[in-house]
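Below you'll find the structure, written out as structure tokens, and then a few comments.
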Protein chains: 2
Amino acid sequence: MLSFTEENYLKAIFKISEKEKKSASTNSLAKHLETTPASVTDMLKRLSEKELIHYERYRGVTLTTEGNRIATSLIRRHRLWEVFLVDKLRFDWEHVHDLAEELEHIYSEELISRLDAFLNYPKFDPHGDPIPNAEGRFTIRNQMPLSELSTGQTGQVLGVKEHSNAFLRYLNQIRVKPGTTIKIEERIDFDASLRIQVDNREHCTISYPVAQALMVKKI
Amino acid sequence: MLSFTEENYLKAIFKISEKEKKSASTNSLAKHLETTPASVTDMLKRLSEKELIHYERYRGVTLTTEGNRIATSLIRRHRLWEVFLVDKLRFDWEHVHDLAEELEHIYSEELISRLDAFLNYPKFDPHGDPIPNAEGRFTIRNQMPLSELSTGQTGQVLGVKEHSNAFLRYLNQIRVKPGTTIKIEERIDFDASLRIQVDNREHCTISYPVAQALMVKKI
DNA sequence: AATTAATTTTAGATTAACTTAAAAAATATT
DNA sequence: AATATTTTTTAAGTTAATCTAAAATTAATT
């Protein structure tokens, strides 16, 4: 049985290696986990001892098969709980992360498989991130940043690549969420911002970084 | 913010004082929490420091107003999660205690009030124990052990006073749960066991301790 | 290549929660 | 009341997870 802390390290290693497509460094882990590099080194030794990570001094870490299995299971639990909180308890999507962060540590195959069934085996969480199935497999979808659509094209929002409260609240404001359709009406040369139409109704202008964080499929 | 351990101590003190109607002793706490008396003394000092308990060396402990508030909130959370697990996730009642024991430690007013609403403000958990409301008030019901009914009388099961897996599984077997009606058909003088009829259908014989653990209302 | 800067690790301490063993206090028994 | 028993506390030490500060290693820059 792993401690909360150990589980959080595995998840952090998974996320960092996924994002940067290479082994996670001590410093990046320290930043991600809001702790000191010394503490990270300490913990890496322990996780290495337990054969959950491949660790060589000064060389960064990657997950072993077992470490990867555990990290994936944590992500599965996290995202299922997020679906529960949004779909069943009617939380706003910007408020579910911290709660799911706690709920995910409750380990019980039975609990998670029943929750999964109760939620009707969702494949994606409220932010559009894929929920690994019980075997750890993620559903892949064809998606691209809204910023890559051409003027005149329409996309349907599948998810977001940025999870900060500020960003999610902004999307609530302009009434954009997974499922929403967005048509690119005009591109402003000066700063690459976009004039868009939301769900065939409202019009508004969004900055380029916003368009980069919105993942869509062309329709 | 209290640790899991501290919260478990408060709950244990609450339960022991409730049951034995006096201050909880170091030994009873050690037994209840499956630890040593020395560890208990250690923790009592810390909780006393935080003004959550009234503690005098060699004299046992009681909860302060604040300690009582926290313990009651934990019981509320525990019992609401049990309702969720049984009513929504379709767990058997003998399997929910340990999971609720973990879920209860997730602190969020918002989470609990939404869960409460989602479950339709239940007043009792799957074992028939009252769920304190947000203000900490328990609903009181008129109830008595089945063993106190006279021969010929009928009662409706409201809950159980014994929560062991073995007992709950036995009740499943004889198809008794909250809501079930039981008619006393005969009392066996030799060992005070009872011949009963369940839900106007099956007949069976139960021992006196079983009849003591079944709480009913006369109908 | 040598120096500087950044990153990572070690060393040494701290804290919460726990343990065992021995001492102290309270309670029960003769 | 004195003694024995039980209960509780203290003392001393352990372990996981953290920290700060200093040392070691690697990477970057001149």
Side-chain angles (χ1 to χ4, degrees), chain A residues 1-13 15-17 19-63 67 70-71 74 101-102 104-105 107, chain B residues 1-13 15-17 19-63 67 70-71 74 101-102 104-105 107:
Chain A
M1 194 71 306
L2 297 180
S3 69
F4 278 33
T5 316
E6 290 169 317
E7 294 194 336
N8 285 335
Y9 270 84
L10 293 179
K11 230 179 16 148
I13 295 166
K15 284 188 180 165
I16 290 169
S17 343
K19 198 173 190 178
E20 313 189 351
K21 277 140 191 353
K22 60 174 170 91
S23 67
S25 71
T26 303
N27 248 7
S28 62
L29 282 166
K31 243 162 243 154
H32 196 280
L33 294 161
E34 295 181 312
T35 181
T36 61
S39 303
V40 172
T41 301
D42 238 38
M43 179 59 89
L44 294 184
K45 284 178 189 163
R46 211 157 329 120
L47 292 173
S48 177
E49 199 62 44
K50 296 191 181 183
E51 303 196 36
L52 298 171
I53 59 173
H54 299 293
Y55 171 55
E56 253 184 295
R57 278 153 72 259
Y58 294 103
R59 286 278 119 82
V61 284
T62 55
L63 295 172
I70 295 171
L74 283 163
E101 203 71 9
E102 301 199 51
E104 72 188 12
H105 293 291
Y107 176 69
Chain B
M1 194 73 300
L2 297 181
S3 69
F4 278 33
T5 315
E6 290 169 317
E7 292 193 338
N8 284 336
Y9 270 84
L10 294 180
K11 231 178 17 146
I13 295 166
K15 285 189 181 163
I16 290 168
S17 342
K19 197 173 191 178
E20 313 189 351
K21 278 141 190 355
K22 61 175 169 92
S23 67
S25 71
T26 302
N27 248 7
S28 62
L29 282 166
K31 243 162 245 155
H32 196 279
L33 294 162
E34 296 180 311
T35 182
T36 59
S39 302
V40 173
T41 302
D42 234 38
M43 179 60 90
L44 294 184
K45 284 178 189 164
R46 209 155 332 119
L47 292 173
S48 177
E49 198 62 43
K50 295 190 181 184
E51 304 196 37
L52 298 171
I53 60 173
H54 298 294
Y55 171 54
E56 250 185 296
R57 279 152 72 259
Y58 295 102
R59 285 278 120 83
V61 284
T62 54
L63 295 172
I70 295 171
L74 283 163
E101 204 70 9
E102 301 200 50
E104 73 187 9
H105 293 291
Y107 176 70

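Note that the structure is a prediction, hence the values are computed from the model and not measured. Chain A is the first sequence line, chain B the second, and so forth, proteins listed ahead of strands; every chain is numbered from 1.
Within the model, atoms CZ of B:R46 and OG of B:S3 stand 7.5 Å from one another, a figure rounded to the nearest 0.5 Å. The OH atom of B:Y55 sits 5.5 Å away from the OG1 atom of B:T26 when rounded to the nearest 0.5 Å. Note that CG of B:L47 and CG of B:L2 are 7.5 Å apart. Values are rounded to the nearest 0.5 Å. To the nearest 0.5 Å, atoms CG (B:L10) and CG (B:L74) are separated by 7.0 Å. Taking OG from B:S28 and NZ from B:K19, the interatomic distance works out to 10.5 Å, rounded to the nearest 0.5 Å. Atoms CG and CD1, from A:L33 and A:I16 in turn, are 7.0 Å apart once rounded to the nearest 0.5 Å.
Residues A:I13 and A:L52 form no side-chain contact, since every pair of their non-hydrogen atoms from C-beta on lies 4.5 Å or further apart.
A:T26 has a side-chain polar atom (N or O) that falls below the 4.0 Å cut-off from OP1 or OP2 of C:dT9. In terms of phosphate contacts, B:T36 brings no side-chain nitrogen or oxygen within less than 4.0 Å of OP1 or OP2 of C:dT20. A sub-4.0 Å separation between OP1 or OP2 of C:dA6 and a side-chain N or O of A:N27 is absent. The phosphate of C:dT7 has neither OP1 nor OP2 within less than 4.0 Å of any side-chain N or O from A:S25. Using a 4.0 Å cut-off, some side-chain N or O of B:S39 falls inside it from OP1 or OP2 of C:dT19.
Among all heavy-atom pairs drawn from A:V40 and A:Y9, the shortest one is CA-OH, 3.6 Å.
Protein chain B contacts DNA chain D over a range whose 5' and 3' limits, counting nucleotides with an atom under 4.0 angstrom from a non-hydrogen atom, are D:dT7 to D:dT10.
A:A38 meets the side chain to side chain contact (heavy atoms under 4.5 Å, CB included) test with A:T36; sequence neighbours excluded. Partners of B:K31 by side chain to side chain contact (heavy atoms under 4.5 Å, CB included), not counting sequence neighbours: none found.
For B:L2 and C:dA16, the CG to P distance is 13 Å, given to the nearest whole Å. One atom, NZ of A:K22, and another, P of C:dT7, lie 11 Å apart when rounded to the nearest Å. Counting to the nearest Å, the C1' atom of C:dT10 and the NZ atom of A:K45 are 7 Å from each other. Rounded to whole Å, atom P of C:dA17 lies 11 Å from atom CG of B:N8. Here C:dA16 presents its P atom at 11 Å from CG of B:D42, a figure rounded to the nearest Å.
Contacts between residues 46-61 of chain A and DNA chain D, counted as heavy-atom distances below 4.0 Å, involve A:R46, A:Y58.
Pairs of residues two or more places apart, or lying in two chains, that qualify as salt bridge (charged side-chain N to carboxylate O under 4.0 Å, His left out) and include a residue from residues 2-11 of chain B are B:E6-B:K50, B:K11-B:E101, B:K11-B:E104.
One axis for each end of the helix from C:dA1-D:dT30 to C:dT30-D:dA1, each built from five base pairs, and the angle between them comes to 0° at 10° resolution.
A:K31 comes within 4.0 angstrom of nothing in the nucleic acid, heavy atoms only. Among the atoms of the strands shown, only primed sugar atoms or phosphate atoms (P, OP1, OP2) are found under 4.0 Å from some heavy atom of A:T5.
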Notebook entry, point to check: Taking it one step at a time, do A:H105 and A:N8 satisfy side-chain contact (heavy atoms from CB on, under 4.5 Å)?
Noted result: CA-CA 9 Å; A:H105 293 291; A:N8 285 335; 3.1 Å; yes
